[in-house]
Amino acid sequence: MRRFLTALLTLLTLSTPAAALQLIVWDRDLSTKLGDGESSGGKVMVRLAGDYSGPVVVLFAQSDEERARSAFPGLKSRYAGSLVNGQLNILAEDRGAAQSITKFLGAYRVTATVQVASAALSLPGLRKATPPGQNR
């Protein structure tokens, strides 16, 4: 019976989907937040600002539990990338050319859905550029 319970626990641990992987997309200077997402049950909804085009930094954070069980082997905490017209691409040195966020996360068995917001996006930390001559 003890062996059966140990085997069952091991099987359940191995089949548990990844959870709580967080990502944040910043501009290159790390001054404006351009997107975010958090996984739940092996899926992540990535929200992105649609009115930005340029280089970005994508930061990933794993929980202590995920790190302990190597849920995302090889995932670094920081990647360079680009965000153009709501399309987020990540430059991963070990994978060659830039990849879309959906393809990149797919390699870690996480399904990504991208939601591109209009100019009215309200993310914590997101600053909008003020046209010259106007005060905030």
Side-chain angles (χ1 to χ4, degrees):
M1 182 67 163
R2 185 178 223 181
R3 285 185 185 177
F4 172 75
L5 291 176
T6 304
L8 181 61
L9 182 60
T10 303
L11 181 62
L12 289 174
T13 302
L14 293 175
S15 66
T16 302
L21 176 69
Q22 297 178 357
L23 71 96
I24 300 176
V25 182
W26 292 91
D27 68 344
R28 181 175 31 193
D29 300 326
L30 300 176
S31 62
T32 305
K33 185 176 177 182
L34 300 168
D36 63 13
E38 183 173 342
S39 69
S40 175
K43 297 179 183 182
V44 63
M45 170 64 75
V46 180
R47 300 182 313 150
L48 298 171
D51 60 348
Y52 176 87
S53 290
V56 296
V57 175
V58 182
L59 303 176
F60 289 96
Q62 300 179 51
S63 68
D64 291 338
E65 177 187 333
E66 289 168 334
R67 236 183 322 283
R69 62 183 173 99
S70 297
F72 305 103
L75 180 67
K76 297 178 183 176
S77 60
R78 179 183 178 136
Y79 290 90
S82 64
L83 178 59
V84 178
N85 298 325
Q87 175 68 39
L88 176 61
N89 291 308
I90 295 181
L91 304 169
E93 304 85 32
D94 57 337
R95 297 191 193 178
Q99 295 180 339
S100 70
I101 187 68
T102 54
K103 186 173 182 181
F104 180 84
L105 289 175
Y108 295 99
R109 295 180 289 156
V110 176
T111 304
T113 304
V114 177
Q115 176 186 17
V116 179
S118 64
L121 176 65
S122 176
L123 291 173
L126 180 63
R127 296 183 313 154
K128 295 289 182 187
T130 304
Q134 290 186 359
N135 293 331
R136 288 188 166 210

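- When the side-chain contact (heavy atoms from CB on, under 4.5 Å) test is applied to I24, the partners found at least two apart in sequence or on another chain are W26, K33.
- Counting only residues at least two apart or in different chains, salt bridge (charged side-chain N to carboxylate O under 4.0 Å, His left out) contacts with residues 70-87 comprise K76-E93.
- Legend: residues meeting side chain to side chain donor-acceptor pair (under 3.5 Å) with R28, ordered by chain and number and at least two apart, are absent.
- Distance check: L88 CG to L34 CG gives 9.5 Å after rounding to the nearest 0.5 Å.
- Taking the side chain as every heavy atom from C-beta outward, L23 and Y79 never approach each other to under 4.5 Å.
- For the pair N89 and A98, the tightest heavy-atom approach, listed with the atom from each and the gap, is CB-CB, 4.1 Å.
- To the nearest 0.5 Å, atoms OH (Y108) and OG (S39) are separated by 13.5 Å.
- Across every non-hydrogen atom of S53 and V84, the tightest pair is OG-CA, 3.8 Å.
- Using a 4.5 Å cut-off on side-chain heavy atoms (C-beta onward), Q99 and I90 make no contact.
- Not counting sequence neighbours, Y52 has no partner by the ring pair (Phe, Tyr, Trp, His ring centres under 6.0 Å) test.
- Between F104 and L75, the closest side-chain pair of non-hydrogen atoms falls below 4.5 Å.
- To the nearest 0.5 Å, atoms CD (Q22) and CD (E38) are separated by 4.5 Å.
- In terms of the side chain to side chain donor-acceptor pair (under 3.5 Å) criterion, residue partners of D64 (sequence neighbours excluded) are, by chain and number, R67.
- Using a 4.5 Å heavy-atom threshold, the side chains of I101 and L48 count as separate.
- Smallest separation of non-hydrogen atoms from V46 and A112: CG2-CB, 4.5 Å.
- Checked against side chain to side chain donor-acceptor pair (under 3.5 Å), S100 has the following partners two or more places apart in sequence or in another chain: T102.
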